[in-house]
Amino acid sequence: MTATDLSQTATFAVDVPADLIRLAAPVVADHLQITVSEAMEQLLLGRVTLASRSAAARLLPLLRALGLSPELQVEHRVTLAVQAVDRDCALHLAPSLAAVLNRDAGPVLAALQTIGGVILTDVSADWATDLRLRLRRLKGLRLTLAHGLSDLFAIAPLHPATRRGLRRHLAMMAAVPCRFSGALAAGLTDLQSAQLIARFDDSGLCVLNRAFQRFDLFLTGTHGLAAQDVAEFLATRTDLADAMVETATPLTPLQLERGLSRAATRQFRADYAAIGLETCARLARF
């Protein structure tokens, strides 16, 4: 059992014979620091929730000694992000989202306007499913579950001392930058991410799970193609009309796509490169 397992919320299901409920209730009440009557209610329902598996490890043997057969069930916990598809949706939907989350609208709007959106950590999978259902009527918001690795981005100018300290820390971690996304460190585990957040909190850095990342795609060059041919092609795939594609350079890029997922950005870049269009991706706010 890992330390993470020990800290997870746990439940046990138990079918308690009526004549044993009064015997078991004081034991449960003592471990959960609730009243005996509250413990009896939980036992009658056959489902008792504990703060952690370590608490369960102490309580369950006592219940077994009473002749019960409790079955431990670890609750699956997740991290998720609620993001707006664009600025107008953020402004319009922040009050409704705040009501769903039982939070003040101001902080919710501020979070929607930041990279990553409203990030909710360590919530139950059942709660996340319920939230997804409740957000269906709020068109313009997307809910994404965290999975896989994370990357470290600079979202504000870094103080020289922070930059030096970060460089040393990343070298010790053997972390490398990502040319595709512009991340300062790519492919971070949950533990590495937590260490970076603790070490460099509130310093202009952002650790973002790859599932939450969205990118805008820009044209930076046409690689010798005729401007008219490029413009006609882009008109079939984008909202661009009469765009001056010949002016696109790395310093003056032309935006082609907005809010693409990491996988979609890679695919779009490959599609454009196949016909000779040079592009770059930038981490999007929305």
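None of these values were measured; they are calculated from a predicted model.
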If every non-hydrogen atom of [X] is compared with every non-hydrogen atom of [Y], which pair is closest and at what distance?
{"X": "T114", "Y": "A110", "value": "CG2-O, 3.1 Å"}
{"X": "V36", "Y": "P26", "value": "CG2-CA, 4.3 Å"}
{"X": "F268", "Y": "L260", "value": "CG-CD1, 4.1 Å"}
{"X": "T220", "Y": "C280", "value": "CG2-SG, 3.6 Å"}
{"X": "T79", "Y": "F212", "value": "O-CZ, 4.1 Å"}
{"X": "L91", "Y": "Q113", "value": "CD2-NE2, 3.8 Å"}

Test T129 against W127 for side-chain contact (heavy atoms from CB on, under 4.5 Å), laying out the working first.
CA-CA 5 Å; T129 298; W127 188 88; over 6 Å; no
Could you tell me the separation between the [atom1] atom of [X] and the [atom2] atom of [Y], rounded to the nearest 0.5 Å?
{"X": "D86", "Y": "H92", "atom1": "CG", "atom2": "NE2", "result": "11.0 Å"}
{"X": "T162", "Y": "H169", "atom1": "OG1", "atom2": "NE2", "result": "13.0 Å"}
{"X": "L97", "Y": "C89", "atom1": "CG", "atom2": "SG", "result": "12.0 Å"}
{"X": "L283", "Y": "I155", "atom1": "CG", "atom2": "CD1", "result": "9.0 Å"}
{"X": "L188", "Y": "L149", "atom1": "CG", "atom2": "CG", "result": "7.5 Å"}
{"X": "D216", "Y": "L256", "atom1": "CG", "atom2": "CG", "result": "10.5 Å"}

Test your reading of the model: is there a side-chain donor-acceptor pair from [X] to the backbone of [Y], 3.5 Å cut-off?
{"X": "D151", "Y": "R210", "answer": "no"}
{"X": "D104", "Y": "A98", "answer": "no"}
{"X": "Q192", "Y": "T189", "answer": "yes"}
{"X": "R163", "Y": "L158", "answer": "yes"}
{"X": "S150", "Y": "D190", "answer": "no"}

With the 4.5 Å side-chain cut-off for hydrophobic clustering, are [X] and [Y] part of the same group?
{"X": "V78", "Y": "L101", "result": "yes"}
{"X": "L138", "Y": "L145", "result": "yes"}
{"X": "V230", "Y": "F218", "result": "no"}
{"X": "F153", "Y": "I197", "result": "no"}
{"X": "L135", "Y": "V123", "result": "yes"}

Do [X] and [Y] have side chains that approach each other closer than 4.5 Å (heavy atoms only, starting at C-beta)?
{"X": "V100", "Y": "L131", "result": "yes"}
{"X": "R282", "Y": "P253", "result": "yes"}
{"X": "Q83", "Y": "L112", "result": "no"}
{"X": "H159", "Y": "S203", "result": "no"}
{"X": "E38", "Y": "L43", "result": "no"}
{"X": "V118", "Y": "R103", "result": "yes"}
{"X": "L63", "Y": "V28", "result": "yes"}
{"X": "T279", "Y": "E257", "result": "no"}

Evaluation steps, side-chain contact (heavy atoms from CB on, under 4.5 Å), between T144 and L80:
CA-CA 6 Å; T144 309; L80 59 88; over 6 Å; no
Could you go step by step and tell me if Y272 and Q267 meet the side-chain hydrogen bond (donor to acceptor under 3.5 Å, both in side chains) rule?
CA-CA 9 Å; Y272 285 129; Q267 185 60 58; over 6 Å; no
Hydrogens and angles aside, do Q228 and E232 bring a side-chain donor and acceptor to less than 3.5 Å of each other?
yes
Walk me through it: do L234 and L277 pass the test side-chain contact (heavy atoms from CB on, under 4.5 Å)?
CA-CA 10 Å; L234 293 179; L277 299 183; 4.1 Å; yes
L196 and side-chain contact (heavy atoms from CB on, under 4.5 Å): which single residue from L184, L170, L205 fits?
L170
Angle between ring planes, F215 versus F180, binned at 30° and 60°: parallel, tilted or perpendicular?
tilted
Determine whether T222 and E278 satisfy the following criterion, side-chain contact (heavy atoms from CB on, under 4.5 Å), listing intermediate values before the conclusion.
CA-CA 6 Å; T222 57; E278 300 168 357; over 6 Å; no
Taking 4.0 angstrom as the limit, do D271 and R266 come out as a salt bridge?
no
